[in-house]
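Notes follow the structure.
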Amino acid sequence: DGLARAMDTTRLTPLRRRNPKVARRVAAAIEKAMAVDPADRFQTAEDFKTSLLSAISRTERPPGEFTVTPPPDVPYPPEQLLTGTGGPSRKAAMANLPELAVDTGKPFVPARRRSRSPAWLLLLFILIVASADMIVLFPEDVPSNVRESLPFLFPAPASTPTATVHATASEFPTVTALAPAGIVVRTATLAATPTSKASPTSAATASTRALSAPTATAGPLRPAPGGGAGQMAFASDRSGIPQIYLVDLNGGTALPITNMPNGACQPSWSPDGRRLVFVSPCRVSPMGRPPDISEVPSKNTALYTMNADGSDLVALPTVPGGDSEPAWSPDGTRIAFTSIRDGPALIFVLNLADQSVTRLTDPSPDYAAARQSAWSPFSNQIAFCKKRVDTYQIWTMTDNGQGQQQIAGNGQLFWDYSPAWSPDGKSISFTERNASGPVLPWEMNIAYEKRDTASASRLKLGPLPVEDARFSPDGLWVAFESKSPGENRDIFYATITGDQRTRVTADPGIDFDPAWRPAITP
């Protein structure tokens with residue numbers, strides 16, 4: 001129930017309710033060790049040990065004890081204090097207790113125990129089974145000298161020819177168009193209806209380019225955190241200009257999957273894990289920061305899709321420039337995006353079946369911009385960022401732009417932006433930072449059903465800054481951008497409660513826009 005307690009939807013069941021025989025001080029120490037907030041737990045193992053020792057009687061407590069005051073006792077019936085289930089009364093139970101031995105002055109000789117099966121045999125059996133599992137499941141973790149001494153278990157790998165797969169123009173009905181910056185790519189209908197075609201915008205020769213993608217490692221891999229395909233896409237300027245990279249979370253090398261002359265960023269996966277939609281051009285600011293919510297979207301950006309290995313690059317139908325911040329719907333039929341084609345930044349939806357574009361938000365004197373779409377897992381709602389009176393707020397609306405309502409707002413003190421919906425649809429996370437002062441953002445979360453009665457709570461994901469958090473496919477982890485003092489921006493992930501914070505990238509470049517890859521489906 002750790003996740004439910006972190007979301008404040010349940011409470012830890014008191015230990016003595018499960019077993020009334022546990023001493024109150026022992027129960028208090030264990031419950032303190034199980035607190036959701038790490039700051040509420042023991043800070044060292046020594047403190048935990050000392051607290052448990054302090055549960056002994058006063059005359060036996062060690063000096064310098066660490067005392068935990070137990071909570072008020074639960075008013076159980078006297079019978080349940082002994083049995084927990086309404087068994088014999090206290091008097092009857094006390095009558096059944098053995099009498100205390102009388103000190104006769106003779107040395108105490110413990111009774112001889114009955115012979116049992118040697119425990120070391122069971123331990124040896126467990127070690128043998130564990131070693132066999134290691135050899136079969138994770139042969140790469142066995143030391144090289146051991147593998148060389150056991151050639152019958154670790155034969156030399158046979159060389160296998162590699163094959164390069166190229167996308168063909170017959171995969172999709174195509175028309176051609178000149179992309180921004182003079183890149184020649186093709187445009188295509190991406191819907192499940194392959195006979196629907198988009199109108200050509202200009203005539204040019206179709207061209208695709210396949211880049212190297214991470215190769216699959218022979219044999220089983222350790223389960224990667226987050227579920228899904230065990231991979232993550234992100235943007236990085238490590239090559240001098242931002243491109244999109246793909247990395248295995250089992251420790252694989254991050255490899256580029258775009259090669260756009262003017263850069264690429266803001267990747268979003270199709271629900272089958274096979275294609276990405278992204279934005280180009282893309283540049284990092286001279287201050288070493290990716291495109292920020294405080295900046296007006298660029299006028300020369302456009303949306304593209306491609307396969308996960310970088311092949312089959314497609315320019316989506318668009319008016320001249322200004323499309324960015326794409327989000328692929330979980331049902332795979334639409335892509336929501338931000339565009340300045342009608343003046344201010346507004347939210348639009350591209351229907352992949354007929355390539356039609358619909359505007360979901362309208363220009364209004366009440367707000368200056370609507371940006372950063374995030375689909376609910378049921379594809380029927382969209383969370384987004386709305387700028388009102390120079391303040392950024394989190395709002396939601398239906399997938400046709402109706403029923404707009406504010407989810408979280410903090411007046412003029414804070415900016416709330418970069419929303420993300422949890423995979424179960426029960427909560428929305430978003431980035432928050434001071435409206436003025438140092439830019440050290442943190443991550444917040446609010447239960448959607450309690451949006452009118454509860455305030456958002458902070459996700460404690462480690463040292464600030466923490467920004468642009470995204471839920472993993474299984475909903476138990478979040479990926480985010482962060483950095484340590486004196487370091488550049490990198491990609492991290494941690495559990496929803498902030499445990500097991502892990503650095504994914506450590507390149508001197510600026511890494512940003514993390515996107516978990518869903519499980520790959522046919």
Side-chain angles (χ1 to χ4, degrees), residues 2-8 32-45 47-48 224-228 230 232-236 245 247 249-251 254 287-290 292-293 394 408 410 414-423 427-434 437-447 455-516:
L3 178 60
R5 289 195 290 129
M7 302 300 296
D8 201 25
K32 177 181 176 67
M34 296 179 67
V36 172
D37 191 337
D40 295 336
R41 304 175 202 151
F42 297 101
Q43 299 305 301
T44 67
D47 288 347
F48 191 13
M232 190 180 296
F234 65 95
S236 176
Y245 290 74
V247 63
L249 297 182
N250 277 320
M287 301 298 293
R289 188 178 65 188
D292 186 73
I293 185 66
I394 302 300
N410 294 288
F414 301 102
W415 285 356
D416 297 334
Y417 56 99
S418 191
W421 221 301
S422 64
S427 66
I428 296 174
S429 72
F430 56 91
T431 304
E432 185 173 87
R433 75 185 191 208
N434 291 316
V439 180
L440 290 175
W442 54 90
E443 202 65 23
M444 303 291 290
N445 187 274
I446 187 169
S455 299
S457 59
R458 179 173 168 181
L459 294 179
K460 299 180 180 179
L461 300 178
L464 301 182
V466 172
E467 191 170 14
D468 198 23
R470 293 293 179 265
F471 286 98
S472 63
D474 61 13
L476 302 179
W477 303 75
V478 287
F480 52 93
E481 303 168 18
S482 185
K483 63 179 180 179
S484 300
E487 297 182 355
N488 57 294
R489 185 184 299 249
D490 284 310
I491 305 298
F492 294 76
Y493 66 80
T495 65
I496 193 71
T497 57
D499 297 321
Q500 303 183 48
R501 175 173 162 132
T502 303
R503 183 190 294 268
V504 178
T505 63
D507 190 90
I510 306 300
D511 301 331
F512 55 102
D513 289 349
W516 299 87

List for me each residue that meets side chain to side chain donor-acceptor pair (under 3.5 Å) alongside [X], sequence neighbours excluded, and say none if there are none.
X: R41; answer: none
X: D513; answer: none
X: E481; answer: R489
X: D499; answer: T497

Flag the pair [X] / [Y] as yes when at least one side-chain heavy-atom distance between them is below 4.5 Å, and no otherwise.
X: F430; Y: I446; answer: yes
X: I293; Y: S418; answer: no
X: I496; Y: V478; answer: yes
X: F414; Y: N434; answer: yes

Can you list everything that forms a salt bridge (charged side-chain N to carboxylate O under 4.0 Å, His left out) with [X]? Sequence neighbours excluded, please.
X: R458; value: none
X: E443; value: none
X: D474; value: none
X: K460; value: D37

Can you give me the closest heavy-atom contact between [X] and [Y], atom names plus distance?
X: P290; Y: I510; value: CD-CG2, 4.3 Å
X: F471; Y: W421; value: CD1-O, 3.6 Å
X: S472; Y: P423; value: O-CG, 3.3 Å
X: E432; Y: D416; value: OE2-OD1, 2.7 Å
X: R470; Y: P419; value: NH1-O, 3.7 Å
X: I491; Y: T505; value: N-OG1, 3.0 Å

_Using modelled atom types and a 3.5 Å cut-off, is there a donor and acceptor pairing between side-chain atoms of S422 and backbone atoms of S427?_
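Yes.
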For [X], enumerate each residue passing the side-chain contact (heavy atoms from CB on, under 4.5 Å) test, keeping only those at least two apart in sequence or located in another chain.
X: S455; value: none
X: P465; value: L440, P441, K483
X: P225; value: L249, W477, Y493

Hey, what do you get for [atom1] ([X]) to [atom2] ([Y]), rounding to the nearest 0.5 Å?
X: R433; Y: W442; atom1: CZ; atom2: CH2; answer: 10.0 Å
X: M444; Y: S457; atom1: CE; atom2: OG; answer: 6.5 Å
X: S429; Y: D468; atom1: OG; atom2: CG; answer: 9.5 Å
X: Y417; Y: I394; atom1: OH; atom2: CD1; answer: 10.0 Å

_Run the ring pair (Phe, Tyr, Trp, His ring centres under 6.0 Å) test against Y245 and tell me which residues pass, sequence neighbours left out._
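Ring pair (Phe, Tyr, Trp, His ring centres under 6.0 Å) check on Y245 returns F234.
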*Could you tell me whether the side chains of D511 and S236 share a donor-acceptor contact shorter than 3.5 Å?*
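Result is yes, a qualifying pair exists.
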